[in-house]
2 protein chains.
Amino acid sequence: MSKPDPARSAGGASDSRLSRASVQRFSLYLRHLQRFVREGVQTVSSGQLGEALGLTDAQVRKDLAYLGNLGQPGIGYPAPELIAALRHRLGIDRTWPTIVVGVGNLARALLRYRGFEQQGFLFVALFDADPGKIGQKVDGLEVYDPKRMAEVVADLKAELAVVTVPADAAQSVTDALVAAGIRGILNFAPTVVRLPEGVSLVSVDLAVQLEQLAFLVESDRPEGEPE
Amino acid sequence: MSKPDPARSAGGASDSRLSRASVQRFSLYLRHLQRFVREGVQTVSSGQLGEALGLTDAQVRKDLAYLGNLGQPGIGYPAPELIAALRHRLGIDRTWPTIVVGVGNLARALLRYRGFEQQGFLFVALFDADPGKIGQKVDGLEVYDPKRMAEVVADLKAELAVVTVPADAAQSVTDALVAAGIRGILNFAPTVVRLPEGVSLVSVDLAVQLEQLAFLVESDRPEGEPE
DNA sequence: GGATGTGAACGACTTCACAGCG
DNA sequence: CGCTGTGAAGTCGTTCACATCC
């Protein structure tokens, strides 16, 4: 009765068995490889990559093995091929039209960070329930009434959504997004959100991260220390 | 040579063996319990908590057992006691003076989110290298020249820092924070940061999360689908 | 020699299942 | 009974170690 979905929030069966942790590292490999290439490096070893990212060489090889046999024994991996393989595997060898719901400071920060666009994410529309914001333009994008979500999402073929609304609005916004046909949601609202199968969810809970940090610092005190 | 620190980034030995995953869930338990109490609930079972958070009841009990034997068989857990125990274990039964380095939109978003203060984090100073920002006030807090970091951190007894600077400035900012005596860093810069033992680090990489989402959606397509 | 790919060992986390208590 | 706490089993992810190949 209280057993949660065995397949966490969503996500179907791809080909290989790929852990969530490996996928997160894929993004890091990709970014570092792109930097290596900018610096003129053409070939890179598992040791070098691991060194740069704080991972063991074995870990790097295990991860990269999921991409097929790109490595050359005695040499290393060809950086450009690795980059292409990573982008393909991550699904970012194309453009993802993305919308943002909730136009606050966090949304503005995300819109201005050009790193997303660089990796294939393109913000195409904003939504906010505040009448004062509807119709305005933020960073060149129009702010729509959430009532028009289904229509706008379909028109712009948006598949991903970033949710930066307050916690108490998160579930209803999520439901609306699902109804509008969105396939994946990046949620920043500090709450647990439910959604049906077939829609993917990644949550970033900033309060949780800050509390984690407090715990780490607290656990790290050498001896009995003053409170 | 490439073996990363066995004890990840930092973090010493506390009393019990507590997994990082459990600690993250502690934050979620805490928030939900606070909501329960606001709604008048005084006693809560592992099944109820698990239901609310999408976890198994066994998982909840295992986690909560780390707090001591607070549960009463046949009854459940007393919510107020659980809350107090969680806050204590997380190290947030006190105030953490916190600084922010890099005054952009992300910083502003964090400053305005009142959930942090509610849990014991108090922003006490801002830093930014932009001369146009130094001396200004943002959300009632002064923006200081990073050169004054050691002095200001000591004066205000700040222990935690949130870093929201561009990737290429992250390492030097981190080094300066460590030199200034900061004990924990929440890093938003999209890069891997190195720091000495005795300082804790939590990184939130938004690009990684968005790419993770793309991967999930991509892996979740039913059959061969149009690109 | 130098670096990959991978089975096997290891370790960490989760779920199961049940004894025990209110 | 209902619900907790917990050993045991199971699952997942990482590290080791080495055969293999350029």
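Chain identifiers are assigned alphabetically (A, B, ...) following the order of the sequence lines, protein sequences preceding nucleic acid strands; residue numbering begins at 1 within each chain.
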Chemist: Take the protein atom CG of B:N69 and the nucleotide atom P of C:dG20, then report the distance between them rounded to whole Å.
Modeler: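 The distance from CG of B:N69 to P of C:dG20 comes to 15 Å, rounded to the nearest Å.
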Chemist: Could you tell me the separation between the CG atom of A:L49 and the C1' atom of C:dT4, rounded to a whole number of Å?
Modeler: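 Value for this atom pair: 13 Å.
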Chemist: Say whether A:Q119 and A:R31, considering side chains only, have a donor N or O and an acceptor N or O under 3.5 Å apart.
Modeler: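 No, because no side-chain N or O of A:Q119 sits under 3.5 Å from a partner of the opposite role on A:R31.
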Chemist: Within the pair B:R25 and C:dT14, is there a side-chain N or O less than 4.0 Å away from OP1 or OP2?
Modeler: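 B:R25 to C:dT14 OP1/OP2: side-chain N or O found under 4.0 Å.
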Chemist: Could you check how far CG of B:L64 sits from P of D:dT4, rounded to whole Å?
Modeler: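 About 9 Å, once rounded to whole Å.
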Chemist: So does A:R94 pair up with B:E218, basic N to acidic O under 4.0 Å?
Modeler: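 Counted as a salt bridge, because a side-chain N and a carboxylate O are separated by less than 4.0 Å.
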Chemist: Using whole Å, report how far CD1 of A:I75 lies from C1' of D:dC21.
Modeler: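 Going from A:I75 (CD1) to D:dC21 (C1'), I get 11 Å.
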Chemist: For B:K62 and B:V44, find the nucleotide of DNA chain D closest to each by heavy atoms; which residue's nucleotide sits nearer the 5' end?
Modeler: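 Whichever sits nearer the 5' end wins; that is B:V44.
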Chemist: So which one's nearest nucleotide on DNA chain C is more toward 5', A:S45 or B:G74?
Modeler: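 Its nearest nucleotide being more 5', the pick is A:S45.
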Chemist: Check the surroundings of atom CD in B:Q118: do more than 12 heavy atoms from other residues, nucleotides or ligands lie under 6.0 Å from it?
Modeler: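 Not more than 12 within 6.0 Å, no.
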Chemist: Identify whether any heavy atom of A:L67 sits under 4.0 Å from a base atom; if not, whether one sits that close to sugar-phosphate; answer base, sugar-phosphate or nothing.
Modeler: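 If one applies the 4.0 Å heavy-atom cut-off, A:L67 turns out to touch nothing in the nucleic acid.
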Chemist: Would you say B:R61 places a side-chain N or O within less than 4.0 Å of OP1 or OP2 belonging to D:dG5?
Modeler: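 Checking D:dG5 against B:R61, no side-chain N or O comes under 4.0 Å of OP1 or OP2.
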Chemist: Indicate whether OP1 or OP2 belonging to C:dA3 is found under 4.0 Å from a side-chain N or O atom of A:S46.
Modeler: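 So the side-chain polar atoms of A:S46 never come under 4.0 Å of the phosphate oxygens OP1 or OP2 of C:dA3.
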Chemist: Would you say a side-chain N or O of A:S19 is under 4.0 Å from OP1 or OP2 of D:dC12?
Modeler: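 No, A:S19 has no side-chain N/O under 4.0 Å of OP1/OP2 on D:dC12.
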Chemist: Should A:Q59 be listed as having a side-chain N or O under 4.0 Å from OP1 or OP2 of D:dT15?
Modeler: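 True: A:Q59 side-chain N/O within range (under 4.0 Å) of D:dT15 OP1/OP2.
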Chemist: Check whether any side-chain nitrogen or oxygen of A:Y77 sits under 4.0 Å from OP1 or OP2 of C:dG5, and answer yes or no.
Modeler: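 Yes, because at least one side-chain N or O of A:Y77 sits under 4.0 Å from OP1 or OP2 of C:dG5.
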Chemist: Starting at CG of B:D63 and ending at P of C:dA12, how long is that distance when rounded to a whole Å?
Modeler: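 The answer, rounded to whole Å, is 17 Å.
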Chemist: Nearest-Å distance, CG (B:L82) to C1' (D:dC3)?
Modeler: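 Whole-Å distance recorded here is 14 Å.
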Chemist: Are A:Y66 and C:dT6 close enough that a side-chain N or O sits under 4.0 Å from OP1 or OP2?
Modeler: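 So the side-chain polar atoms of A:Y66 never come under 4.0 Å of the phosphate oxygens OP1 or OP2 of C:dT6.
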Chemist: Quick check: do B:R108 and A:R108 have side-chain heavy atoms less than 4.5 Å from each other?
Modeler: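 Answer no - side chains too far apart.
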Chemist: 5'-most contact on DNA chain D: A:S22 or B:G68, nearest heavy atom basis?
Modeler: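 Nearest nucleotide further toward 5': that of B:G68.
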Chemist: Under a 4.0 Å N-O cut-off, is there an ion pair linking B:E211 with A:R25?
Modeler: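 No salt bridge links B:E211 with A:R25.
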